[in-house]
Amino acid sequence: MAVSWEDSVTSSINAIYLLFSAYLVFVMQLGFAMLCAGSVRAKNAMNIMLTNVVDAVVGSLSYYLFGFAFAFGTGPGSNPFIGTHFFALEGVPDGKYDYSFFLYQWSFAIAVAGITSGSIAERTQFGAYLIFSFFLSGFVYPIAAHWVWSSSGWLSPSSAYLYLGSGAIDFAGSGVVHLVGGIAGLWGSIIEGPRVGRFDAFGKPVSIRGHNATLVVLGTFLLWFGWFGFNPGSFGEILVAYPTTTDQGNWTAIGRTAVTTTLAGSMSGIVTLFGRRLLIGHWDALDVCNGVLGGFVAITSGCSVVEPWAAVICGFVAAWVLIGLNMLALKLRFDDPLEAAQLHGGCGAWGLIFTGLFAKEEFLIQVYDSGVGGISRSHGLLLGGGWGLFGAQVTELIVIVGWVSVTMGPLFYILHKLRLLRISLHDEVAGLDISSHGGYAYHNQDEDERPQSYNDYIQMRS
């Protein structure tokens, strides 16, 4: 039967929307690169920018070969824990998934590795990035994605057998993306240990500031821009009309999602601004940037199913979660140059809990049942929705922390034991750019930083 003209136009518009969202999410790689580069010292800028490129290119191959299949490979013999079809995109498109969907999901996969890279910056051998990026993008992350986002996943809110009668609501990945990347970075940073000079002989923290605040701010705004593909884009389709209304559809829910995203990030940023002012005595632009991102991470789970006022609460709490975890990290002598474990891990965990408290039933039905009437869903605990959704959210949090810990923890430990993880003390002091990449990122590197060239470095080591 021939496809009608109206259906063809609808499919085309939905495809354009999904592809444009994928492009926005990919722009976040540039945001990560700028944020990371500005947050490290100048002698490591080239290294961190290269790792961001590696995350993209290595993640592309691993996700193409294995990752997409593990995440969304439904078919005969499919199961709730791991996908079994579509390796190397064999069988795609299949009527359910097409190339546009793959590209969108790929842009998420490579973001996970970028999160982890920030936690172990300035002290990691370059080869280790290649190994963990391939494993994280191709296996660890896709399994978590299958649990929550595949229609056959055991935690999926779209499954025929809803866990606790609800399934876990993680719309754009506070848990699947950010918590996965944050916990992986946590283990990498713990196993490597802090950077040289981060804590003095008495265990007191020594400030190691990033070298370029301009790049940090630029990266933050690029990430903000990309988040409009990350969260609203997760609808996948924009031309879906809700049958119980005459003028509402995914297009209205997408607009609401963009608003909740903006409000959560903004509230977290302003609370961080004043909170840090009270704690350290001055206005800190870099702290505010991380505060904004913490709000975005937290709202990513429930962005489509909460009211704007709830998003403000989400951002308020996210700021204090980040501030509190950063203070705890210093007490425990934990060193994460980009605060990635605290930001993505801590705020991602809060985002899952927040959704279990504030998700609105009407919005849940719109997002997961296309607005069909006569359906009831377990919703936010504080909105009278019972314990089902909240329990599913806590379950997702626990299993993701456990899954990433039992996979990435041993991987980092093996790399450490094989002396493949951390660079030598001499190389770390000299800087990764000169010791591993042949020269500095900037031609006007400070004159008091030695060596000035790779040949100087080789002679100094001989």
How close do [X] and [Y] get, heavy atom to heavy atom, and via which atoms?
{"X": "Met34", "Y": "Met49", "value": "CE-SD, 4.4 Å"}
{"X": "Cys289", "Y": "Thr220", "value": "CB-OG1, 3.2 Å"}
{"X": "Ala56", "Y": "Gln29", "value": "CB-NE2, 4.4 Å"}
{"X": "Thr300", "Y": "Gly173", "value": "CG2-N, 3.5 Å"}
{"X": "Gly73", "Y": "Phe86", "value": "CA-CD1, 3.6 Å"}
{"X": "Gly167", "Y": "Gln393", "value": "O-OE1, 4.4 Å"}

Query raised in the report: Does the pair Arg195/Glu428 count as a salt bridge with the N-to-O cut at 4.0 Å?
Result: no

Query raised in the report: Could you walk me through whether Trp187 and Tyr413 pass the ring-ring contact (aromatic ring centres under 6.0 Å, His included) check?
Result: CA-CA 9 Å; Trp187 282 109; Tyr413 185 74; over 10 Å; no

Would you check if there is a donor-acceptor pair between the side chains of [Y] and [X] at a distance under 3.5 Å?
{"X": "Asp55", "Y": "Ser117", "result": "yes"}
{"X": "Arg419", "Y": "Ser424", "result": "no"}
{"X": "Tyr97", "Y": "His85", "result": "no"}
{"X": "Ser159", "Y": "Trp154", "result": "no"}
{"X": "Asp287", "Y": "Thr272", "result": "no"}
{"X": "Asn326", "Y": "Glu339", "result": "yes"}

Query raised in the report: Angle class for the Phe70/Phe66 ring planes (parallel below 30°, perpendicular above 60°, tilted otherwise)?
Result: parallel

Query raised in the report: Relative to the ring of Trp350, is the ring of Phe354 parallel (under 30°), tilted (30 to 60°) or perpendicular (over 60°)?
Result: tilted

Query raised in the report: Do the two ring centres, one from Phe139 and one from Phe134, sit under 6.0 Å apart?
Result: no

Query - Ring centres under 6.0 angstrom apart (Tyr104, Phe108) - result: yes

Starting at [atom1] of [X], measure out to [atom2] of [Y] and round the result to the nearest 0.5 Å.
{"X": "Leu155", "Y": "Leu162", "atom1": "CG", "atom2": "CG", "answer": "10.5 Å"}
{"X": "Ile238", "Y": "Thr252", "atom1": "CD1", "atom2": "OG1", "answer": "9.5 Å"}
{"X": "Leu263", "Y": "Cys314", "atom1": "CG", "atom2": "SG", "answer": "10.5 Å"}
{"X": "Ile190", "Y": "Arg333", "atom1": "CD1", "atom2": "CZ", "answer": "14.5 Å"}
{"X": "Ser189", "Y": "Asp336", "atom1": "OG", "atom2": "CG", "answer": "5.0 Å"}
{"X": "Asn79", "Y": "His146", "atom1": "CG", "atom2": "NE2", "answer": "5.5 Å"}

Query raised in the report: What's the verdict on ring-ring contact (aromatic ring centres under 6.0 Å, His included) for Phe126 and His437, showing C-alpha distance, side-chain angles and the deciding distance?
Result: CA-CA 9 Å; Phe126 183 71; His437 306 293; 5.7 Å; yes

Is there a side-chain contact between [X] and [Y] (heavy atoms, below 4.5 Å)?
{"X": "Thr116", "Y": "Leu136", "result": "yes"}
{"X": "Pro93", "Y": "Tyr99", "result": "yes"}
{"X": "Phe228", "Y": "Thr262", "result": "yes"}
{"X": "Ser301", "Y": "His178", "result": "no"}
{"X": "Thr74", "Y": "Ser150", "result": "yes"}
{"X": "Trp251", "Y": "Tyr17", "result": "no"}
{"X": "Leu89", "Y": "Tyr64", "result": "yes"}
{"X": "Thr261", "Y": "Phe230", "result": "no"}

Report task. Give the intermediate values and the outcome of side chain to side chain contact (heavy atoms under 4.5 Å, CB included) for residues Arg209 and Leu286. Result -> CA-CA 10 Å; Arg209 300 281 289 182; Leu286 305 187; 3.7 Å; yes

Do [X] side-chain atoms and [Y] backbone N/O form a donor-acceptor pair below 3.5 Å?
{"X": "Trp149", "Y": "Asp170", "value": "yes"}
{"X": "Thr124", "Y": "Ala121", "value": "no"}
{"X": "Ser234", "Y": "Ala172", "value": "no"}
{"X": "Ser268", "Y": "Gly265", "value": "no"}
{"X": "Arg256", "Y": "Ser304", "value": "yes"}
{"X": "Lys43", "Y": "Val429", "value": "yes"}
{"X": "Arg198", "Y": "Val206", "value": "yes"}

Query - Test ring-ring contact (aromatic ring centres under 6.0 Å, His included) applied to Phe72 and Phe101, step by step - result: CA-CA 10 Å; Phe72 297 100; Phe101 183 79; 5.0 Å; yes

